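One structure below.
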There are 2 protein chains.
Amino acid sequence: MTETFTLTIAALHERVDAIFLKAGLNALQASALARVIVAGERDACKSHGIYRIEGALRTVKAGKVKPDAIPSLDLNEGSAIVKVNAGGGFANPAFEVGVPALAARARQFGLAALVINDCTHFSALWPEVEAVTEEGLAALVMCPSYATVAPTGGTKPLLGTNPFAFGWPRKGSTPYVFDFATSVAARGEVELHRRAGKQLPEGWAIDVDGELTTDPEAALAGAMLPFGGHKGSAIGTMIELLAGIMIGDLTSPEVLDYLGTTTLAPMHGELIIALSPEAFSAGRRGDPFARAEALFGSIIGQGARLPSMRRFLAREKSEAQGIALTTAEMEQLDRLLEKGLDAVA
Amino acid sequence: MTETFTLTIAALHERVDAIFLKAGLNALQASALARVIVAGERDACKSHGIYRIEGALRTVKAGKVKPDAIPSLDLNEGSAIVKVNAGGGFANPAFEVGVPALAARARQFGLAALVINDCTHFSALWPEVEAVTEEGLAALVMCPSYATVAPTGGTKPLLGTNPFAFGWPRKGSTPYVFDFATSVAARGEVELHRRAGKQLPEGWAIDVDGELTTDPEAALAGAMLPFGGHKGSAIGTMIELLAGIMIGDLTSPEVLDYLGTTTLAPMHGELIIALSPEAFSAGRRGDPFARAEALFGSIIGQGARLPSMRRFLAREKSEAQGIALTTAEMEQLDRLLEKGLDAVA
C-alpha cells in the first residue's frame, strides 16, 4: 500500500500558493491558481489538480504567460458586457476580478456576459461555473483551446477540444454543473493511453490521412474527433466563433500558431454568460428553483445521475477528512517549492 | 415519373396563408405560420414544410392552441430581457412581434434575450435564428418539446428532443446556422422507420425496460436516447432548465401531461439569446466577420461542410425556379383549403 499524507484544504492551498510565489508569480496570480488547483485535488479531479502545476510553470518559463500580470477591469457602463483584460496573465485571477461585476449586471439587466481577453487558461471551467451559481445565477461558460480536433467530414486539426460548461444554482445544495470537452475525449486521455501503451476506443481519433485509428501515437499526429458527430462539431465551431472571434481573441488554430506546441497552457479568451432565474421568471407561475429540484428528482428517481455528483461526493469527503497525497506527490511539491522554475524543463 | 407543379414562393405562401385563414386563424397567426412552412418547402426541408399544416390544424381543432391569439409584447424597459406572451397562440407570430425589440436591446446592451411564453411551437428553429442573424447578430435558440427522451443512465422518457440552434451572420452570404435535436434522432425519423417497416440504427432508442432496441414500435413505447451520450443528455437538461423552468414555462414532461399526446403541436416557451459581435469585439484587433470567414474557409478547405449548406442550395434553386409540388401535394392543399378544420381528425 502506498503511504499517504493527509493535508487540510487550507494547508494544501498554502503549499501550492507558496510554489507559485517562489516561481515568480505575483500574489494575485499565485492565489487564484492555487484555488483552482486545490479545488481539483479536493474534488478528486486529479487531471486538474497538482498535476497541473508543472504545466503552468513551464508556460511561465517559456515566456508565454506573464507571472506578474494585473488584470484590468473595464466596467463598460450601460452595457451588459463586462470585460477583463488578463494582461497576458492567467485567466483565473482575471475571472475573480470580473465576477462581482458580472453578477451585478446580470441582476440589473437579467443577463450579462463576462469577457476575459489575453489570458492563459489551463483549468477546468467548473470552478468558474460554480462561482457564478454561488451568486444565484445560471452560467454558460466556454473557451477555445489549441487546434487538435478535426471538424466532422474533415481530416485536419482545426477546432480545439473547446470545453462547454453550464451551471444552475440549487438552494442549500451543490449546483447542477456540467463541464465537458466538445471532442469525444480530452487530449490528456489520449496521452494517458499512449503512456500506458493502450489502444484507444474506436471513434476517438483519425490519423494524418483522415482514417479512423485506435493507435494513440497516430491519433496525436492526426486529429481528435468531436463528440456526437456533426452536432458536437457544430458546437465546437460555435465556441470558436463566440469565445474566440466574437470576443476579439485567438481561435484554436491561432493559439497553436502562437504557442507552437500543445505542451504549454494555451493563451486565448473566455466567455462567461450569467442569467438571472429571478429576472427571467418574473411574473410567471412557480418558483424556478423548486421546479428545477422536481426535474432533478425525476432524473435521479429513474436511476440516472446528475453530472458532477462524483466530484461533489469527493469534495464532501475532502472537507471532512482532508486531502490525501502520496509520498511521491508530497516530494514533488517539496521539489517544486525548493527549485521554482528550475524544477521544470 | 410523378407529375409536379411549380409554384413561386409567393404563390405557395398565398395558398398556405389562405388555408390557415379558412381554418379560423387570424391574419397574424396565419401569415407567420405560412412563412415558416413555406420556408421549409423552399429549403427542401420537407419535414417542416406543408406536411406540418395538418398537425397545426389538428392542434387548433383539439382546442390546444388559440387560433385568434394576439401576442403581447412586454418591453421590460431597462432590462436586456424582452418578453412576448403568445397568448396561447403559435410561437411564430410572437417571435415576429419580439424580434425588433430583441435586436435593439442586443445592440444597446451587447446581448439580450427574447422570451416567448404560452406558445405552441411546431416549426424548426432555423427561421428564427436566421431572423436574428439578418440583424447582424449571433443567435442562440432553444426550447423544450414533449418528454420522449430518457436521460443517459435512465430508462424513462423525461427530456424532450429539445432543439438547440445557433447562427452567426455572414456579410453578403447566407449565415452559419445549425439547428438540431439533442436526441440522437428526431422523433419523426423513428415514426418514418415505423411506417416503412424498417429497423432503427443501433443507439437511437431503448424499450420500456430500458434495453437498447432497433424496433421502432418498441422505441416509440420506450424512450429515445440523447445524442453524444451523457454530454447530449446534459445539454437537453440545460434546455429544460433555461427554456422551460427559468422562463416560467412548461418542461417537456409538463407539456406531455398537458397535451396527453405527442400527435399535437407542443405548448411551452422558447428562449432566444442575441449577441452583438460589434459590441463584444469593440476595442480588439481584427474584424470578427472577416475572421469568421477565414474559419469557415478552413472548414470547407479540408472537405468538411458547413451546416445548412444543403438547405441554402435548395433555397437558391427555389428562388430561381420556384417550388415543385407533386399532384398529391397540390390536391392536399386544395382539400385543406376547401374543408378547413373538417379536413383533419
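Throughout, protein chains are lettered first and strands after them, A, B, ... in sequence-line order, and every chain is numbered starting at 1. Predicted model only: the values in this text are computed from it and were never measured.
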For A:Phe280, ring pair (Phe, Tyr, Trp, His ring centres under 6.0 Å) partners two or more places apart: none
Pairs of heavy atoms under 4.5 Å with chain B: top-ranked of A:Ile247, A:Leu241, A:Leu159: A:Leu241
Residue part contacting chain A, namely of B:Asp118, when any heavy atom lies under 4.5 Å: both
For the student: nearest non-hydrogen atoms of B:Ala150 and A:Gln302, plus distance: CB-OE1, 4.3 Å
Closest-packed option against chain A by number of heavy-atom pairs under 4.5 Å, given B:Gly301, B:Gly248, B:Gly228: B:Gly248
Which of B:Leu306, B:Leu242, B:Asn85, B:Asp287 touches chain A most, by non-hydrogen pairs under 4.5 Å: B:Leu242
Contacting moiety of B:Thr152, where chain A heavy atoms sit under 4.5 Å: backbone
Donor-acceptor pair, side chain of B:Lys156 and main chain of A:Ser298, under 3.5 angstrom: no
Gap separating the CG atom of B:Leu295 from the OG1 atom of A:Thr237, nearest 0.5 angstrom: 6.5 Å
Beyond-backbone contact of A:Ile245 with B:Phe289, side-chain heavy atoms, under 4.5 angstrom: no
Partner chain A: residue of B:Gly303, B:Ala138, B:Pro151, B:Ser233 with the largest heavy-atom pair count (under 4.5 Å): B:Pro151
Neighbourhood of chain A inside residues 173-180 of chain B, taking heavy atoms under 4.5 Å as contact: B:Tyr176, B:Phe178, B:Phe180
Side chain / backbone / both / neither for A:Leu271 at chain B, heavy atoms under 4.5 Å: side chain
Main-chain N/O of A:Ser183 paired with B:Lys231 side-chain donor or acceptor, under 3.5 Å: yes
Shortest non-hydrogen contact from B:Arg284 toward A:Asp249: NH2-OD2, 3.5 Å
B:Leu140 side chain near A:Met238 side chain, heavy-atom distance below 4.5 Å: yes
Heavy-atom check, side chain of B:Ile235 versus side chain of A:Ile235, under 4.5 Å: yes
Residue pair A:Ala304 / B:Gly154: nearest heavy atoms and the distance that separates them: CB-N, 3.6 Å
Other residues, nucleotides, ligands: >12 heavy atoms within 6.0 Å of A:Arg305 CZ: no
Residue selection (most heavy-atom pairs with chain B, distance under 4.5 Å) from A:Pro226, A:Gly269, A:Ala181: A:Ala181
A:Leu275 side chain near B:Ile273 side chain, heavy-atom distance below 4.5 Å: yes
Choice from A:Gly286, A:Ala113, A:Pro307 maximising heavy atom contacts with chain B below 4.5 Å: A:Ala113
Residue, of B:Gly210, B:Gly153, B:Gly232, B:Pro277, that accumulates the most heavy atom pairs under 4.5 Å with chain A: B:Gly153
Choice from B:Ile300, B:Val115, B:Asn117, B:Thr155 maximising heavy atom contacts with chain A below 4.5 Å: B:Asn117
Stepwise salt bridge (Lys or Arg N to Asp or Glu O under 4.0 Å) check, A:Glu254 with B:Arg291: CA-CA 11 Å; A:Glu254 291 167 343; B:Arg291 292 182 66 212; 2.6 Å; yes
Contacting region of A:Ala294 [heavy-atom separation from chain B under 4.5 Å]: neither
Side chain to side chain, A:Pro288 and B:Met246, heavy atoms closer than 4.5 Å: no
Side chain to side chain, B:Ile81 and A:Phe109, heavy atoms closer than 4.5 Å: no
